[in-house]
Student: 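The following block contains the structure, expressed as structure tokens.
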Amino acid sequence: LKQLSLVLTMDISGSMQGPYMKLAKSAAKAIVNKLPLDISECAITSFDDASFVNADFTIDKNRLLQTIEALTPAGGTNYNKGFNKANAGGLDILKNGLHEKVLIFLTDGYGDVSPLEIIQKAKSMSAKVYVITLAMRAPEELKRIVEATNGNYYENIITQEEIETVYLSILYRSQGLIPSTVEWTSTPGCGYLKALVFGEKKNTIKSTVAQYAAPSKNIVRLVSDQSTLTFNASTKEIPVSLKAINGDYSIAAFNSSKPF
């Protein structure tokens, strides 16, 4: 794994009150818990219409987690302060990092920003900048910054699962672990819940089992216009319509749940 100097720069403006702050804190804690602090270091900065150094570079996980939990929203939004103003912006702290430099910038609003100045400062220390925007599209100015620094942006994030996935994806990519895509065709069967076993041919690592719900558009199934059929001693005809969905369906036999 690569040694990282990671700065988490978080928007703590008034609009972050409530669920957004909860999302941001949870995801920041997730990345701190996954960061190998025996070989890397992390710092926490924040901004509203001012900038703050909440925790300078440290390898103390508990201190980082406590710092994140203590963040409190208030004030306006100024991107410049978040990046590199008043010697407390994310890039101001990142320049003192000992390892490969990465900055993750999270916001839920629009603010004043000077892309050229920020790009020049980031490039001067070979830093990569990643941007996460909550419930909004990433502003073009922020896109310019991440593209110029070989980072990436993630926009319209609104759920816990999304934001934690984004943070951990950035971490893994920064460490040189590029996520791969696995595709497969599941075997036909009743129901939507499927089990998948991940392993490798040489069996040098322990296999793992994952469960997933197959999308309804990929499930071949039979639909009836009658949910149940009830018969008594008399003989009668009951018309039933059967329809195959998403593919051909062979009917081998009919069985009764309560045969006479």
Student: Which value, rounded to the nearest 0.5 Å, describes the distance between Ile12 atom CD1 and Gln17 atom CD?
Tutor: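 That separation rounds to 10.5 Å.
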Student: Please check if the distance between the ring centroids of Phe105 and Phe83 is under 6.0 Å.
Tutor: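 Ring centres of Phe83 and Phe105 closer than 6.0 Å.
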Student: Does the side chain of Leu106 reach to within under 4.5 Å of the side chain of Ile163, using non-hydrogen atoms?
Tutor: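 Yes. Closest side-chain heavy atoms under 4.5 Å.
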Student: In Å, rounded to the nearest 0.5 Å, how long is the span from CD1 of Ile158 to CE of Met136?
Tutor: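 Those atoms lie 14.0 Å apart.
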Student: Main chain of Gly97, side chain of Lys101: is a donor-acceptor contact present, judged purely on distance under 3.5 Å?
Tutor: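 Answer holds: yes.
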Student: Side-chain contact, heavy-atom cut-off 4.5 Å: Tyr130 with Leu103?
Tutor: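 Answer no - side chains too far apart.
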Student: With side chain to side chain contact (heavy atoms under 4.5 Å, CB included) as the test, would you mind laying out the steps for Asp38 and Ile59 before giving the verdict?
Tutor: CA-CA 7 Å; Asp38 53 333; Ile59 60 173; over 6 Å; no
Student: State, to 0.1 Å, how close Ala138 and Tyr153 come at their nearest heavy-atom pair, and which atoms those are.
Tutor: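 That closest heavy-atom pairing would be CB-CD1, 3.9 Å.
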Student: Check whether any side-chain heavy atom of Gln175 sits under 4.5 Å from a side-chain heavy atom of Pro36, and report yes or no.
Tutor: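 Yes; the side chains approach each other to less than 4.5 Å.
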Student: Apply the test side chain to side chain contact (heavy atoms under 4.5 Å, CB included) to residues Asn33 and Leu65: give CA-CA distance (whole Å), side-chain angles for both, the deciding distance (0.1 Å), then the verdict.
Tutor: CA-CA 8 Å; Asn33 280 320; Leu65 295 175; 3.8 Å; yes
Student: Would you check if the side chain of Glu147 reaches a backbone N or O of Arg144 as a donor-acceptor pair within less than 3.5 Å?
Tutor: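 No.
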Student: Looking at CG of Leu171 and NZ of Lys2, how far apart are the two atoms once the value is rounded to the nearest 0.5 Å?
Tutor: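 That separation rounds to 12.0 Å.
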Student: Checking the side chain of Ser114 only, and the main-chain atoms of Glu117 only, is there a donor and an acceptor separated by less than 3.5 Å?
Tutor: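 Pair absent, no side-chain N/O of Ser114 close to backbone of Glu117.
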Student: Identify the heavy atoms of Glu164 and Ala27 that sit nearest to each other, and give their distance.
Tutor: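 Closest approach of Glu164 to Ala27, heavy atoms only: CG-CA, 4.1 Å.
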Student: With a 4.0 Å cut-off, would you call Asp112 and Lys81 a salt bridge?
Tutor: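 Between Lys81 and Asp112 there is no salt bridge, as every charged N stays at least 4.0 Å from the carboxylate O atoms.
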Student: Suppose we screen for side-chain contact (heavy atoms from CB on, under 4.5 Å). Which residues come up paired with Arg137, at least two apart in sequence or across chains?
Tutor: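 Once residues adjacent in sequence are excluded, the partners of Arg137 under the side-chain contact (heavy atoms from CB on, under 4.5 Å) criterion are Lys143, Glu155, Asn156.
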Student: Are Ile39 and Leu1 side-chain neighbours, meaning at least one heavy-atom pair lies under 4.5 Å?
Tutor: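 Of all side-chain heavy-atom pairs linking Leu1 with Ile39, at least one is under 4.5 Å.
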Student: Taking atom CD1 of Ile145 and atom NZ of Lys123, what is their separation to the nearest 0.5 Å?
Tutor: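 Ile145 CD1 to Lys123 NZ: 12.0 Å, rounded to 0.5 Å.
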Student: May I have the step-by-step check of side chain to side chain contact (heavy atoms under 4.5 Å, CB included) for Leu98 and Glu41, ending in yes or no?
Tutor: CA-CA 8 Å; Leu98 301 176; Glu41 59 183 357; 3.7 Å; yes
Student: Do Ile157 and Leu134 have side chains that get closer than 4.5 Å, going by heavy atoms?
Tutor: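 Side chain of Ile157 against side chain of Leu134, heavy atoms only: contact under 4.5 Å found.
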Student: Please check if any side-chain donor atom of Thr58 sits under 3.5 Å from a side-chain acceptor atom of Asp60, or the reverse.
Tutor: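 No, because no side-chain N or O of Thr58 sits under 3.5 Å from a partner of the opposite role on Asp60.
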Student: Answer whether the closest heavy-atom distance between the side chains of Ile93 and Asp56 falls below 4.5 Å.
Tutor: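 Heavy-atom side-chain distance check passes, below 4.5 Å.
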Student: When you compare the side chain of Asn152 with that of Arg173, does any pair of heavy atoms fall below 4.5 Å?
Tutor: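 Sidechains of Asn152 and Arg173: no contact.
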Student: Locate the shortest heavy-atom distance separating Ile44 from Cys42; write the atom from each residue and the value.
Tutor: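 Answer, listing the atom of Ile44 first, then Cys42: CD1-SG, 4.3 Å.
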Student: Under 3.5 Å, is there a donor-acceptor pair between the side chain of Ser169 and the main chain of Val166?
Tutor: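 Pair absent, no side-chain N/O of Ser169 close to backbone of Val166.
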Student: Evaluate whether atom CG of Leu196 has more than 12 neighbouring non-hydrogen atoms of other residues, nucleotides or ligands under 6.0 angstrom away.
Tutor: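 Counting other residues, nucleotides and ligands, CG of Leu196 exceeds 12 neighbours.
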Student: Determine the minimum heavy-atom distance between Gly109 and Asp11, stating which atoms define it.
Tutor: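 For Gly109 and Asp11, the tightest heavy-atom pair comes out as N-OD2, 4.1 Å.
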Student: So among Ile170, Val131, Thr133, which one has a side chain to side chain contact (heavy atoms under 4.5 Å, CB included) with Tyr154?
Tutor: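 The residue from Ile170, Val131, Thr133 that satisfies side chain to side chain contact (heavy atoms under 4.5 Å, CB included) with Tyr154 turns out to be Ile170.
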Student: Keeping the roles fixed (side chain from Thr165, backbone from Glu161), state whether a donor-acceptor pair exists under 3.5 Å.
Tutor: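 Yes; at least one donor-acceptor contact below 3.5 Å.
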Student: Closer than 3.5 angstrom, by distance alone: can the side chain of Thr77 be matched with the main-chain N or O of Ser13 as a donor-acceptor pair?
Tutor: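 Not a single qualifying donor-acceptor pair exists.
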Student: Do Asn54 and Thr67 pair up side chain to side chain, a donor and an acceptor below 3.5 Å, judged on atom types alone?
Tutor: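 On atom types as modelled, these side chains do not qualify, holding no pair under 3.5 Å.
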Student: Are the side chains of Tyr110 and Pro139 in touch, meaning some heavy atoms are under 4.5 Å apart?
Tutor: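 A side-chain contact under 4.5 Å exists here.
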Student: Testing the basics here: between Asn150 and Lys128, what is the closest heavy-atom pair and its distance to 0.1 Å?
Tutor: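 For Asn150 and Lys128, the tightest heavy-atom pair comes out as O-CD, 3.7 Å.
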Student: So, taking the atom named CG in Leu37 and the one named CG in Leu6, what distance separates them when rounded to the nearest 0.5 Å?
Tutor: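 These two atoms lie 9.5 Å from each other.
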Student: Starting from the C-alpha separation in whole Å, work towards a yes-or-no answer on side chain to side chain contact (heavy atoms under 4.5 Å, CB included) for Phe57 and Ser5.
Tutor: CA-CA 8 Å; Phe57 277 118; Ser5 292; 3.9 Å; yes
Student: So, Thr9 versus Thr45: side-chain donor-acceptor pair below 3.5 Å or not?
Tutor: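 Side chains of Thr9 and Thr45: pair found under 3.5 Å.
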Student: Do Ser26 and Gln160 have side-chain atoms, one donor and one acceptor, less than 3.5 Å apart?
Tutor: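 Yes, side-chain donor-acceptor contact under 3.5 Å.
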Student: How far does CG of Leu23 sit from CD1 of Ile132, to the nearest 0.5 angstrom?
Tutor: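 With rounding to 0.5 Å, CG (Leu23) is 11.0 Å from CD1 (Ile132).
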Student: Parallel, tilted or perpendicular: which one describes the rings of Phe47 and Tyr79, with boundaries at 30° and 60°?
Tutor: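 It falls in the perpendicular class, over 60°.
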Student: One pair to check against salt bridge (charged side-chain N to carboxylate O under 4.0 Å, His left out): Lys243 and Asp225. What are the steps and the verdict?
Tutor: CA-CA 9 Å; Lys243 182 180 180 181; Asp225 64 347; over 6 Å; no
